[in-house]
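Read the structure below first, then the notes.
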Amino acid sequence: MEKTLVILKPSCVQRALIGEVISRFEKKGLRLAGMKMIQLTDAVLNEHYAHLKDKPFFQRIKNSMRVCPVIVQCWEGIDAAKVVRSLIGITDGRGAAAGTIRGDFSMSAQENIVHASDSAESAGIELTRFFAKDEIFDYKLSTLAHLCASEEI
Ligand code: ADP
């Protein structure tokens with residue numbers, strides 16, 4: 001099944017929203033396959049946000065991501081990357097739909113609580129960036145039969 005990367009950003013950690021955000025992914029029916037707290041470095045952020053290197057806010061977003069440790073997570077489910085992106089909402093928290101994580105908890109394009117891979121392809125690259133193979137766990141959810149039809153898996 002598909003796996004995707006989520007980062008609970010310093011804005012999530014500082015505002016005590018860790019449990020709330022994790023709860024949304026759990027309640028949706030995604031399986032938590034890996035999770036750890038790490039301090040991001042400038043080097044890993046240069047890689048992770050390489051697509052933003054020419055933006056005026058590049059240094060600002062890197063500084064913001066290093067304010068305190070973050071929590072990196074691997075979530076698994078059918079179409080996990082797409083499902084997680086729909087749960088988090090669009091980049092700018094002020095414009096994000098109510099009911100999404102950013103729409104409910106963010107007033108900012110920068111301090112927007114979570115990062116999530118934008119596709120299954122990016123997820124593959126990003127999970128390798130933040131997790132060693134033995135930090136991803138392949139246990140079965142006993143509730144799987146109640147989450148979807150076996151034909152959907
Ligand atoms: P997303 O996180 O939704 O995939 P991007 O990859 O475009 O969005 O941007 C990465 C991160 O950079 C955003 O989550 C946000 O924290 C920051 N960012 C994006 N656009 C802006 C902006 N206009 N001003 C400040 N920060 C921004």
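One is the number of the first residue; the rest follow in order along the sequence. In listed order, ligands and their atoms are each counted from 1.
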Review point. Which part of Asp92 is near ligand 1, with near meaning a heavy atom under 4.0 Å away: side chain, backbone, both or neither?
Key: neither
Practice item. Give the atoms of ligand 1, by number and element, whose distance to some non-hydrogen atom of Lys9 is under 4.0 Å. Key: 13 (C), 14 (O), 15 (C), 16 (O)
**Study point:** Cation over ring face, Lys36 and Phe131, 6.0 Å, 45°
**Key:** yes
**Study point:** N/O donor-acceptor pair under 3.5 Å between Asp104 side chain and Gly99 backbone
**Key:** yes
Review point. Measuring from the heavy atoms of His51, does anything fall under 4.0 Å of ligand 1?
Key: yes
**Study point:** Check: Phe105 main-chain N/O paired with Arg15 side-chain donor or acceptor under 3.5 Å
**Key:** yes
Review point. Does the pair Arg31/Asp138 count as a salt bridge with the N-to-O cut at 4.0 Å?
Key: yes
Review point. Could you walk me through whether Arg60 and Gln110 pass the side-chain hydrogen bond (donor to acceptor under 3.5 Å, both in side chains) check?
Key: CA-CA 9 Å; Arg60 189 151 47 85; Gln110 177 175 295; 2.8 Å; yes
Practice item. Would you check the N or O atoms of Glu111, main chain and side chain alike, for any that come under 3.5 Å of an N or O of ligand 1? Key: no
Review point. Does ligand 1 have any atom sitting under 4.0 Å from a heavy atom of His48?
Key: no
Review point. Looking only at N/O atoms, are Tyr49 and ligand 1 under 3.5 Å apart anywhere?
Key: no
Practice item. For the pair Thr41 (side chain) and Val44 (backbone), establish whether a donor and an acceptor sit closer than 3.5 Å, ignoring hydrogens and angles. Key: yes
Practice item. Mark the output for Ile61 as yes if a heavy-atom distance to ligand 1 is under 4.0 Å, and as no if none is. Key: yes
Exercise for review: State the atoms of ligand 1, each with its element, that fall below the 4.0 Å cut-off from a heavy-atom position in Arg85.
Suggested key: 1 (P), 3 (O), 4 (O)
Exercise for review: Assess the side chains of Ser106 and Glu111: does a donor N or O sit below 3.5 Å from an acceptor N or O?
Suggested key: no
Revision key, fill the gap. Closest heavy-atom pair, Pro10 versus Met65, reported as atoms and distance to 0.1 Å, is CG-O, 3.6 Å
Study note, to complete from the structure: Looking at Arg60, Met65, Lys55, Arg102, the heavy atom closest to atom 2 (O) of ligand 1 belongs to Arg102
Check your understanding: Is ligand 1 under 4.0 Å from a heavy atom in the side chain of Lys62, in the backbone, in both, or in neither?
Key -> neither
**Study point:** Per-atom contacts, ligand 1 versus Asn112 - under 4.0 Å to a heavy atom
**Key:** 13 (C), 14 (O), 15 (C), 16 (O)
